[in-house]
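Below is one structure, written out as structure tokens; the observations come after it.
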There are 2 protein chains.
Amino acid sequence: MLERELLFQLEGETACCGVTLAQCHALLELSFSEFSLSGLAAAVDLDVSTLSRTVEGLVKARLVERTQDLADRRSVRLVLSAAGRMKVAAIDEMCNRYYTGLFEELSEKDQRCIVRAVGLLAHTMRSRRRVTNGQQSCCSTPQRSNQQRRPARPRKAEKEGSK
Amino acid sequence: MLERELLFQLEGETACCGVTLAQCHALLELSFSEFSLSGLAAAVDLDVSTLSRTVEGLVKARLVERTQDLADRRSVRLVLSAAGRMKVAAIDEMCNRYYTGLFEELSEKDQRCIVRAVGLLAHTMRSRRRVTNGQQSCCSTPQRSNQQRRPARPRKAEKEGSK
DNA sequence: GGCAATTAGTTGTATAATACAATAATTGTA
DNA sequence: TACAATTATTGTATTATACAACTAATTGCC
């Protein structure tokens, strides 16, 4: 199927200037609203531990502000900083430039077709992912890459006595 | 742009049953024709060293046959084995199943639109990638992920004397 | 023909991303 | 009040990746 070609092409597109892909995902989600860490982890489909480190980098880069949630001090609130908003805009701009350039090679009809198709695909795939998240249908199951999954490590020996 | 959504969705789709993504790429390319290692590395846009290891796994799994190139004994020829062909077919099948299911939620008109758009996108992006490979336009430059790039390591001290 | 340069693939090495496990602090509940 | 559950962070191990180094084969040049 021709769709495979697209899949492989897009799979290779990972560079987001100055931030990692995971950071880019996080920035995008945060541009829509404020999140807790676990909330954002769910939104970007990353393990909490990984996201914690990812966000650490963003905070260090002053793209994200992390404040303690006063309603629950275990929790943090993550918000885009002004610089973060600018970064998102910059990434947007670059993407737009790329796709604009891409579109120049196509007729207006083709452009509309693509925009429409992309919207449909995005919508359908997202909803499908929500529905099928528990199944192992493979190859298009939008879970984290399998190669990173490893056997659960044996738990350490039972704690001796209570702390 | 809505395209971003698609990008992020597809980025998460990495699982290819029993093989890594890189292996999957390699298998796909090999399903089209036979390659040398460096040729395949260019086709899948992976460093030769990485691909060498990747192919090693495929050879171990008997999905790929690696023979010495009689015309140049430095070189190897990589061919899909029968099992490899079956694996590609199986992956194909699974992908088809996914997209078929996806399409069920869409009208026939929408389906045609998507097929058409995907074909156009794939074709245009591929040719564009060929043209712009040297530029750092970012965010959609289909190069390997930036986060894996690291500063060149200092060369070891000049070799003392010739071997 | 001999030697330097180039090439192809393999191996060494270090980095980054990732998830499971463990931990500390906090909150919820009986 | 005590214990279970929750949240974020830290520890740890694995995997994929690319640059460097290496080895062997080939090519180019004198």
Side-chain angles (χ1 to χ4, degrees), chain A residues 11-12 14-16 19-26 35-42 44-59 64 66-78 143-159 162-163, chain B residues 11-12 14-16 19-26 35-42 44-59 64 66-78 143-159 162-163:
Chain A
E11 287 281 1
T14 51
C16 288
V19 297
T20 65
L21 178 61
Q23 285 176 334
C24 196
H25 280 183
F35 283 89
S36 66
L37 195 79
S38 46
L40 186 59
V44 301
D45 194 30
L46 269 185
D47 189 75
V48 171
S49 64
T50 306
L51 185 65
S52 181
R53 293 179 234 262
T54 300
V55 165
E56 176 70 16
L58 292 175
V59 168
V64 168
R66 178 173 52 189
T67 53
Q68 190 184 49
D69 184 345
L70 296 185
D72 180 349
R73 293 208 296 283
R74 295 173 299 184
S75 197
V76 294
R77 305 309 298 170
L78 303 173
Q143 298 167 348
R144 282 293 122 187
S145 76
N146 279 345
Q147 58 264 29
Q148 294 292 355
R149 296 194 190 269
R150 56 190 185 179
R153 291 185 294 181
R155 290 179 178 272
K156 291 190 177 175
E158 297 276 25
K159 281 194 185 176
S162 60
K163 178 88 177 270
Chain B
E11 288 281 0
T14 52
C16 290
V19 297
T20 66
L21 179 61
Q23 286 177 332
C24 196
H25 281 183
F35 283 88
S36 66
L37 194 79
S38 47
L40 187 58
V44 301
D45 193 30
L46 268 185
D47 189 74
V48 170
S49 66
T50 305
L51 185 65
S52 180
R53 292 179 235 261
T54 299
V55 164
E56 176 71 16
L58 292 174
V59 169
V64 168
R66 178 173 52 191
T67 52
Q68 188 185 45
D69 185 346
L70 296 185
D72 179 349
R73 292 204 297 283
R74 294 173 300 183
S75 197
V76 294
R77 306 307 301 171
L78 303 172
Q143 297 166 348
R144 282 293 121 187
S145 76
N146 279 346
Q147 59 263 30
Q148 295 290 354
R149 295 193 190 270
R150 54 190 186 178
R153 292 183 294 181
R155 288 180 179 271
K156 290 188 178 176
E158 296 276 23
K159 280 193 185 175
S162 59
K163 177 94 178 259

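Proteins get letters first, then strands, A, B, ... in listed order; numbering begins at 1 in each. These numbers come from a predicted model, not from an experiment.
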Who are the side chain to side chain contact (heavy atoms under 4.5 Å, CB included) partners of B/Ser36, not counting sequence neighbours?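 Testing B/Ser36 for side chain to side chain contact (heavy atoms under 4.5 Å, CB included), a comparison that skips the adjacent residues, returns B/Ser38, B/Ser75, B/Arg77.
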
Nearest-Å distance for atom pair [atom1]/[atom2], residues [X] and [N]:
X       : N      : atom1 : atom2 : answer
B/His25 : D/dT17 : NE2   : P     : 9 Å
B/Asp69 : D/dT27 : CG    : C1'   : 15 Å
A/Asp45 : C/dA19 : CG    : C1'   : 12 Å
B/Leu46 : D/dC19 : CG    : C1'   : 14 Å
B/Gln68 : C/dG9  : CD    : P     : 11 Å
A/Leu51 : C/dT18 : CG    : P     : 10 Å

Checking [X] now: which residues fulfil side chain to side chain donor-acceptor pair (under 3.5 Å) with it, not counting sequence neighbours?
X       : result
A/Arg74 : A/Asp72
A/Glu56 : A/Lys60, A/Arg66
A/Arg73 : none
A/Thr50 : none

B/Arg73 side-chain N/O to D/dA24 phosphate OP1/OP2 under 4.0 Å: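 For D/dA24, neither OP1 nor OP2 has a side-chain N or O of B/Arg73 closer than 4.0 Å.
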
Rounded distance (nearest 0.5 Å) linking atom OG of A/Ser52 with atom CG of A/Leu46: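 Between A/Ser52 OG and A/Leu46 CG, I get 11.5 Å after rounding to 0.5 Å.
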
Could you run through nucleotides 3-10 of chain D and give me one letter per nucleotide, 5' to 3': B if any protein heavy atom sits under 4.0 Å from the base, S if only the sugar-phosphate is that close, - if neither? --BBSSBB

